[in-house]
Amino acid sequence: MYILAESSSIANNFLAQIRDVNIQTDRQKFRRNIERIGEILAYEISKNLHFENDKITTPLGVKETKTLKDQPVLVTILRAGLPLHNGMLNYFDEADNAFIGAYRGSHDAKDDFDIEMDYITSPDIQGRTLIICDPMIATGKSIEKAYHAMLRHGIPKRTYIVAAIASNRGARFVQARMPECRLYLGDLDKDLNSKSYIVPGLGDAGDLAFGEKS
């Protein structure tokens, strides 16, 4: 499991700002900071992908270099995942893309809930690198359901799960239920509240990015 906040970098500023109630009111800044976190995590993931030797012709000669030959499939869970997805796409700008509509169903008396899924569109992912983007991993249920839905479109050669913030419980759930997936996180928080929201977290990422839903 890779956690961006474990090392000191400018990313800590972006993580702090998406949590700050005094800054969250600026939706554009919130979206851009989530996007920046996606860009940085895309860079970190790229270190594990397949590059090949290449030659580039410049106006003054030829330069030997390495270029990415392993373009991934980027998957996002609508709607909250869009800014994080855009950040990844800024760096993997030739990637194929998949989109999943998933949301929490109603809570029962014990505050348990099911994940409802009503939309998925995806290319063939057989033998591809898959990157699933969701800004928050609370319980891990939506990521598990999204991952298994994607397997209807092929078996990837490797899968990365990317989030701005995850709970300890959610991260452990993902590692236990999907050990073949690699977690790349902005930060890791300790707790969930009774409604399964991450504490201290940042609130509802979808509402902060796009406005409250009815």
Next on the checklist: Taking Asp207 first and then Arg27, would you say they form a salt bridge - that is, a charged N and a carboxylate O separated by under 4.0 Å?
Outcome noted: no

Item to check | Cationic N near anionic O, under 4.0 Å, Glu39 to Arg32 | outcome: yes

Please name the pair of heavy atoms, one in [X] and one in [Y], separated by the smallest distance, quoted to 0.1 Å.
{"X": "Asn12", "Y": "Ser7", "result": "ND2-O, 3.3 Å"}
{"X": "Gly81", "Y": "Pro135", "result": "CA-CD, 3.5 Å"}
{"X": "Leu41", "Y": "Gly186", "result": "CD1-N, 4.1 Å"}
{"X": "Ala164", "Y": "Leu84", "result": "N-CD2, 4.3 Å"}
{"X": "Asp124", "Y": "Gly154", "result": "OD1-CA, 4.4 Å"}
{"X": "Ile161", "Y": "Cys181", "result": "CD1-CB, 3.8 Å"}

Measure the shortest side-chain to side-chain distance between [X] and [Y] over non-hydrogen atoms and say whether it is less than 4.5 angstrom.
{"X": "Thr159", "Y": "Glu180", "result": "no"}
{"X": "Asp134", "Y": "Ser142", "result": "yes"}
{"X": "Arg182", "Y": "Asn48", "result": "yes"}
{"X": "Gln126", "Y": "Ile155", "result": "yes"}
{"X": "Ile120", "Y": "His153", "result": "yes"}
{"X": "Tyr197", "Y": "Met136", "result": "no"}
{"X": "Ile77", "Y": "His85", "result": "no"}
{"X": "Ile198", "Y": "Leu192", "result": "yes"}

Check for me, please, whether [X] and [Y] land in the same ILVMFWY cluster - side-chain distances under 4.5 Å, paths through other members count.
{"X": "Met150", "Y": "Met178", "answer": "yes"}
{"X": "Ile10", "Y": "Ile18", "answer": "yes"}
{"X": "Tyr91", "Y": "Tyr2", "answer": "no"}
{"X": "Ile137", "Y": "Val199", "answer": "no"}

Item to check | Worked check of side-chain contact (heavy atoms from CB on, under 4.5 Å) between Ile34 and Phe14 | outcome: CA-CA 8 Å; Ile34 293 283; Phe14 307 147; over 6 Å; no

Checklist outcome for this item: Paired with Ile132, the side chain to side chain contact (heavy atoms under 4.5 Å, CB included) test is passed by just one of Val73, Ile143, Thr76, namely Ile143

Next on the checklist: Determine whether Thr25 and Leu208 satisfy the following criterion, side-chain contact (heavy atoms from CB on, under 4.5 Å), listing intermediate values before the conclusion.
Outcome noted: CA-CA 7 Å; Thr25 54; Leu208 289 166; over 6 Å; no

Checklist entry - Crowded around Tyr43 OH? As in, over 12 foreign heavy atoms under 6.0 Å? => result no

Item to check | Sequence-distant partners of Glu6, side-chain contact (heavy atoms from CB on, under 4.5 Å), two or more places apart | outcome: Ile3

Look at the side chain of [X] and the backbone N and O of [Y], then say whether any donor-acceptor pair between them is shorter than 3.5 Å.
{"X": "Gln24", "Y": "Leu202", "answer": "yes"}
{"X": "Arg31", "Y": "Ala209", "answer": "yes"}
{"X": "Arg128", "Y": "Gln71", "answer": "yes"}
{"X": "Asp189", "Y": "Gly201", "answer": "yes"}

What is the distance from atom [atom1] of [X] to atom [atom2] of [Y], rounded to the nearest 0.5 Å?
{"X": "Arg36", "Y": "Asn90", "atom1": "CZ", "atom2": "CG", "answer": "11.5 Å"}
{"X": "Phe210", "Y": "Phe30", "atom1": "CZ", "atom2": "CZ", "answer": "9.5 Å"}
{"X": "His50", "Y": "Thr67", "atom1": "NE2", "atom2": "OG1", "answer": "9.0 Å"}
{"X": "Leu15", "Y": "Asp20", "atom1": "CG", "atom2": "CG", "answer": "12.5 Å"}
{"X": "Leu89", "Y": "Leu82", "atom1": "CG", "atom2": "CG", "answer": "11.0 Å"}
{"X": "Ile125", "Y": "Leu151", "atom1": "CD1", "atom2": "CG", "answer": "6.0 Å"}

Checklist entry - According to the salt bridge (charged side-chain N to carboxylate O under 4.0 Å, His left out) rule, which pairs have a member within residues 58-77, sequence neighbours left out? => result Asp54-Lys69, Asp70-Lys157, Asp70-Arg158

Checklist entry - Is a side-chain donor-acceptor pair under 3.5 Å present for Glu35 with Asn86? => result no

Item to check | Verdict with reasoning, Val62 to Ile56, per side-chain contact (heavy atoms from CB on, under 4.5 Å) | outcome: CA-CA 6 Å; Val62 175; Ile56 304 299; over 6 Å; no

Checklist entry - If you link I, L, V, M, F, W and Y whenever their side-chain heavy atoms are under 4.5 Å apart, who else ends up in the same group as Phe173? => result none

Checklist entry - Would you call the rings of Tyr160 and Tyr184 parallel, tilted or perpendicular if under 30° counts as parallel and over 60° as perpendicular? => result perpendicular

Item to check | Chi angles and distances behind the side-chain contact (heavy atoms from CB on, under 4.5 Å) call for Cys133, Ile131 | outcome: CA-CA 6 Å; Cys133 309; Ile131 303 177; 4.2 Å; yes

